[in-house]
> 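The structure's right below; bear with me while I get my questions together.
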Amino acid sequence: MVLSEARLVEKLSKRKFTCKRCSRCCRIDPGMVMLTAEDADNAASLLGIPRDVFVEKYCREIYKDSNTYVGLKEKQNYDCIFWEKEGCSIYKARPLQCRTFPFWPYLVEEDAQWIIEKNRCPGLDSAVDSLSLSDKLAFYRQEKCAKYLEWK
């Protein structure tokens with residue numbers, strides 16, 4: 001879907017969000033977190049290992065739109081490989097997808113998808129909106145333009 005700038009701004013103005021720190025986006029349900037090259041480099045650097053070691057140890061192949069991308073592994077219970085009791089162990093280097101949630105293009109553009117996600121995330125449509133319109137727009141555009149790392 002291609003939205004006009006005015007329609008995009010209108011939708012983003014209605015998409016309210018305040019993170020409740022419940023970690024539902026990081027655990028319990030299966031998901032896929034694809035990584036950009038910068039994401040992989042940042043996480044590897046934080047962990048003090050080379051990117052190829054990081055990818056081998058913590059990543060898996062993700063198939064999307066006839067392509068194969070690098071994505072984070074999940075534990076058997078579907079928790080993110082980096083989720084621990086205190087939260088994300090690589091929070092300072094968390095991937096773009098994690099930073100931009102829930103302002104992903106399909107969630108912003110499709111009202112039905114936002115409603116589905118709202119059933120999983122208690123922060124969607126919060127009474128208090130913790131982000132400015134310009135922040136939401138930046139997150140949307142970052143995700144829309146993201147170039148995810150292809151699996152080699």
Side-chain angles (χ1 to χ4, degrees), residues 1-3 5 8 11-12 15-124 130-152:
M1 172 184 284
V2 176
L3 296 177
E5 187 72 10
L8 175 60
K11 283 193 171 277
L12 284 169
R15 304 284 196 245
K16 300 196 181 320
F17 177 69
T18 298
C19 183
K20 304 294 185 184
R21 306 267 187 242
C22 69
S23 298
R24 285 288 313 235
C25 53
C26 309
R27 50 190 304 268
I28 302 169
D29 296 321
M32 59 181 200
V33 176
M34 296 183 302
L35 304 177
T36 65
E38 184 178 4
D39 292 336
D41 289 340
N42 290 342
S45 177
L46 182 73
L47 296 171
I49 57 177
R51 183 207 285 186
D52 61 331
V53 173
F54 170 80
V55 170
E56 184 179 319
K57 186 172 182 178
Y58 298 106
C59 297
R60 65 184 172 109
E61 295 175 73
I62 292 180
Y63 303 97
K64 184 176 184 230
D65 302 329
S66 301
N67 294 310
T68 307
Y69 298 101
V70 174
L72 293 179
K73 287 181 180 178
E74 295 174 327
K75 298 173 187 173
Q76 283 188 320
N77 63 357
Y78 301 118
D79 290 358
C80 173
I81 190 93
F82 292 109
W83 192 87
E84 297 175 354
K85 289 181 182 180
E86 298 79 33
C88 180
S89 64
I90 62 163
Y91 188 82
K92 290 180 183 176
R94 69 194 183 282
L96 175 69
Q97 267 190 280
C98 302
R99 293 189 315 268
T100 61
F101 179 82
F103 299 101
W104 301 343
Y106 84 97
L107 290 174
V108 171
E109 295 165 2
E110 301 292 334
D111 295 339
Q113 292 298 321
W114 184 267
I115 291 166
I116 290 167
E117 192 65 24
K118 185 176 162 181
N119 290 326
R120 199 172 71 97
C121 175
L124 273 65
S130 64
L131 297 169
S132 68
L133 179 58
S134 62
D135 288 338
K136 295 177 198 177
L137 191 54
F139 287 158
Y140 171 87
R141 287 187 172 139
Q142 286 172 345
E143 190 61 39
K144 186 99 174 167
C145 297
K147 301 289 185 223
Y148 289 104
L149 185 60
E150 291 190 27
W151 189 267
K152 302 285 184 205

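Side chains included, hydrogens not; waters and symmetry mates left out as well; all remaining heavy atoms used. These numbers were taken from a predicted model, which means no experiment stands behind them.
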> Would you give the length of the straight line joining atom OG of S132 to atom CG of L12, rounded to the nearest 0.5 angstrom?
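Reported to 0.5 Å precision, the distance equals 10.5 Å.
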> Kindly compute the distance separating OG1 (T36) from CD (Q142), expressed to the nearest 0.5 Å.
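Reported to 0.5 Å precision, the distance equals 10.5 Å.
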> Please name the pair of heavy atoms, one in W83 and one in S23, separated by the smallest distance, quoted to 0.1 Å.
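Nearest pair, atom of W83 first, then S23: NE1-OG, 3.0 Å.
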> Do the non-hydrogen side-chain atoms of P122 and C22 ever get within less than 4.5 Å of each other?
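A side-chain contact under 4.5 Å exists here.
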> Got L137 and E5 here, is their nearest side-chain heavy-atom distance under 4.5 Å?
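They are in side-chain contact.
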> In the structure I gave you, are the side-chain heavy atoms of Y69 and E150 within less than 4.5 Å of one another anywhere?
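Y69 vs E150: side chains touch.
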> Between L96 and Y148, what is the shortest heavy-atom contact and its length?
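Looking at all heavy atoms of both residues, the shortest contact is CD2-OH, 4.1 Å.
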> What's the verdict on side chain to side chain donor-acceptor pair (under 3.5 Å) for N67 and D65, showing C-alpha distance, side-chain angles and the deciding distance?
CA-CA 5 Å; N67 294 310; D65 302 329; over 6 Å; no
> Between F82 and Y58, how do the two ring planes meet: parallel, tilted or perpendicular, split at 30° and 60°?
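It falls in the tilted class, 30° to 60°.
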> Heavy-atom distance under 4.5 Å between the side chains of I62 and W151, does that happen here?
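No, their side chains stay 4.5 Å or more apart.
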> Can you tell me if K20 has over 12 outside heavy atoms packed within less than 6.0 Å of its NZ?
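Count over threshold, so yes.
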> Roughly how far, to the nearest 0.5 Å, is NZ of K64 from CE of M34?
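Between M34 CE and K64 NZ, I get 4.0 Å after rounding to 0.5 Å.
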> Between R15 and E117, is there a side-chain N and carboxylate O pair less than 4.0 Å apart?
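Salt bridge flag = no for E117 with R15.
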> Among residues at least two apart in sequence or on other chains, which ones pass side-chain contact (heavy atoms from CB on, under 4.5 Å) with K16?
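Residues passing side-chain contact (heavy atoms from CB on, under 4.5 Å) with K16: D129.
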> Can you give me the closest heavy-atom contact between L46 and A93, atom names plus distance?
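Of all heavy-atom pairs spanning L46 and A93, the closest is CD2-CB, 4.0 Å.
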> Relative to each other, are the rings of F17 and F103 parallel, tilted or perpendicular (30° and 60° limits)?
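Correct class here is perpendicular.
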> Where do L72 and C80 come nearest, in terms of heavy atoms and distance?
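It is CD1-SG, 3.9 Å.
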> Looking only at non-hydrogen atoms, find the nearest pair between L131 and K136 and report the distance.
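So the minimum-distance heavy-atom pair works out to O-CE, 3.6 Å.
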> Given side chains that start at C-beta, do those of R60 and E74 come closer than 4.5 Å, heavy atoms only?
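They are in contact (side-chain heavy atoms under 4.5 Å apart), so the answer is yes.
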> Go through it in stages, so that I can follow the logic: the residues are T100 and E143, the test is side chain to side chain donor-acceptor pair (under 3.5 Å), and I'd like the CA-CA distance, side-chain angles, deciding distance and then a yes or no.
CA-CA 7 Å; T100 61; E143 190 61 39; 3.0 Å; yes
> Determine the minimum heavy-atom distance between P95 and L35, stating which atoms define it.
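Minimum heavy-atom separation between P95 and L35: CG-CD2, 3.5 Å.
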> What distance do L107 atom CG and C121 atom SG have between them, rounded to the nearest 0.5 Å?
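Between atom CG of L107 and atom SG of C121 there are 9.5 Å.
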> Once you round to the nearest 0.5 Å, how far does CG of L47 lie from NZ of K57?
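Result: 8.5 Å between the selected atoms.
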> Check whether D79 reaches the backbone of I28 with its side chain - one donor and one acceptor, N or O, closer than 3.5 Å.
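Yes, because the side chain of D79 sits within donor-acceptor range (under 3.5 Å) of the backbone of I28.
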> For the residue pair W104 and F101, does the interplanar ring angle fall in the parallel (under 30°), tilted (30 to 60°) or perpendicular (over 60°) class?
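If you compare the ring of W104 with that of F101, the planes turn out perpendicular.
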> May I have the step-by-step check of side-chain contact (heavy atoms from CB on, under 4.5 Å) for M32 and Y63, ending in yes or no?
CA-CA 10 Å; M32 59 181 200; Y63 303 97; over 6 Å; no
> Tell me whether the NZ or CZ atom of R51 lies within the 45° cone about the ring axis of F54 and under 6.0 Å from its centre.
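Output no; distance or angle outside limits.
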> Are D111 and K11 side-chain neighbours, meaning at least one heavy-atom pair lies under 4.5 Å?
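With C-beta onward as the side chain, the pair touches.
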> Working to the nearest 0.5 angstrom, can you tell me the gap between L124 CG and C19 SG?
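Answer for the CG-SG pair, L124 versus C19, is 10.5 Å.
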> Within the structure provided, determine whether R99 and D39 are in side-chain contact (heavy-atom separation under 4.5 Å).
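Side-chain contact under 4.5 Å: yes.
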> Salt bridge or not between E56 and K152? Use side-chain N to carboxylate O under 4.0 Å.
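Between K152 and E56 there is no salt bridge, as every charged N stays at least 4.0 Å from the carboxylate O atoms.
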